[in-house]
Amino acid sequence: MSVVEDRVLVAVDAWLRWLPSWSPGHHRGRARVCRRCTGSPLLTAAGIGRDVPHQVTHALTTRMQRIIDRIVDDFTQQELPMLHAELTGEEQRASGGYDPSAGLEPEFDGLDPDPDPADGSQPYLFTLAGLAAEAQPPAPEPRPPLTAREREVLRAEIARADECAETVGNELCFALMAHRTRIETAIERFVEPQVQALLDELSAGLEPPQ
Ligand SMILES: [Zn+2]
């Protein structure tokens, strides 16, 4: 089993363990389009259709994306010294403040920490994004600009990192296809009955009073 296949197996198992706890009422709707899920080849590979609730798909795409990111990070660290130094510097400059998106569970990672309040509900007294802005440390010293040669090397390294991400992404899609049946069965068992119940409830509410 390859490293990717192995990690996909572990991540799909984790998602399958999480899925029974999912419930549509526990998660607020999201008005904006998710860049991670929309049109994701990962979901096609997993055999997940468009009518599956977003939180369910997001929990899977995030787990898969983390596998890709980690392999690309390792590759960058080992093979792309300039990009690695650049990213490490960025991290150090960015660290220290409160980051509402750090250390989130896969189901919430990458989502807007402050989704628009649903119609009719109270607006938030404060937002997580606002707190994060207040907690930012003062701006660090600007560093010297890169030379033309350094920029060239950096561009080439970024291209290699992109290539790595694409190769890993393709391999991961193939690995994910092997789990289609398990994924489909779990959605049929844990998600569809809840969605159906919600739809029944909504249509009952729409019936005219007797
Ligand atoms: Zn998503």
Side-chain angles (χ1 to χ4, degrees), residues 1-72 99-121 124 127-129 165-166 168-206:
M1 203 181 248
S2 77
V3 172
V4 170
E5 284 170 338
D6 195 37
R7 290 184 188 173
V8 167
L9 172 68
V10 171
V12 170
D13 283 348
W15 180 81
L16 288 169
R17 279 194 303 274
W18 166 80
L19 197 62
S21 72
W22 176 80
S23 131
H26 287 177
H27 305 292
R28 276 177 294 181
R30 179 187 159 77
R32 271 163 269 184
V33 168
C34 177
R35 292 167 73 185
R36 190 175 292 159
C37 294
T38 308
S40 173
L42 295 169
L43 294 177
T44 311
I48 294 183
R50 282 160 182 264
D51 52 345
V52 174
H54 177 239
Q55 195 94 29
V56 172
T57 66
H58 196 81
L60 186 69
T61 52
T62 299
R63 286 182 162 95
M64 296 302 132
Q65 190 60 49
R66 284 181 178 181
I67 295 173
I68 299 173
D69 289 349
R70 212 180 123 200
I71 292 175
V72 175
D99 179 0
S101 62
L104 290 177
E105 292 300 314
E107 312 63 90
F108 301 103
D109 183 23
L111 294 182
D112 188 340
D114 298 301
D116 296 329
D119 284 343
S121 70
Y124 301 112
T127 63
L128 291 176
E166 203 180 318
V168 176
N170 285 337
E171 195 190 334
L172 190 141
C173 281
F174 276 107
L176 196 52
M177 282 165 75
H179 300 281
R180 265 189 179 190
T181 313
R182 290 204 299 155
I183 292 170
E184 280 165 2
T185 308
I187 288 177
E188 268 166 39
R189 183 168 165 206
F190 296 111
V191 177
E192 280 172 12
Q194 296 199 66
V195 171
Q196 196 50 52
L198 198 68
L199 290 174
D200 291 348
E201 209 176 287
L202 282 173
S203 61
L206 291 174

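Qualifying side-chain hydrogen bond (donor to acceptor under 3.5 Å, both in side chains) partners for Arg36, counting only residues two or more places apart in sequence or in other chains: Thr62. Remark: Cys173 engages Pro41, Leu42, Ala45 in a side-chain contact (heavy atoms from CB on, under 4.5 Å) (not counting sequence neighbours). Applying the side-chain hydrogen bond (donor to acceptor under 3.5 Å, both in side chains) test to Arg66 and every residue at least two apart in sequence or in another chain returns Asp109. Qualifying side-chain hydrogen bond (donor to acceptor under 3.5 Å, both in side chains) partners for Gln196, counting only residues two or more places apart in sequence or in other chains: Asp200. Applying the side-chain contact (heavy atoms from CB on, under 4.5 Å) rule to Ala14 yields the partners Arg17, Arg63; only residues at least two apart in sequence or on another chain are considered. In terms of the side-chain contact (heavy atoms from CB on, under 4.5 Å) criterion, residue partners of Ala186 (sequence neighbours excluded) are, by chain and number, Leu16, Leu19, Phe190.
Screening residues 181-192 for salt bridge (charged side-chain N to carboxylate O under 4.0 Å, His left out) gives Asp13-Arg182 as the qualifying pairs, with residues at least two apart or on separate chains.
Summarising the geometry, atom CH2 belonging to Trp18 is positioned 5.5 Å from atom CD belonging to Gln55; distances are rounded to the nearest 0.5 Å. Atom CG of residue Leu172 and atom CD1 of residue Ile67 lie 5.0 Å apart, to the nearest 0.5 angstrom. With rounding to the nearest 0.5 angstrom, the OG atom of Ser40 is 10.5 Å from the CE atom of Met64.
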Pairs of donor and acceptor atoms involving the side chains of residues 2-12, under 3.5 Å and at least two apart or interchain, shall be tabulated with distances.
| from | atom 1 | to | atom 2 | distance (Å) |
| --- | --- | --- | --- | --- |
| Ser2 | OG | Val4 | N | 3.4 |
| Ser2 | OG | Glu5 | N | 3.1 |
| Ser2 | OG | Glu171 | OE2 | 3.0 |
| Glu5 | OE1 | Ser2 | N | 2.9 |

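Val52 is not listed as a side-chain neighbour of Leu43, based on a closest heavy-atom distance of 4.5 Å or more. Side-chain atoms of Trp22 and Glu107, non-hydrogen and from C-beta on, never get closer than 4.5 Å to each other.
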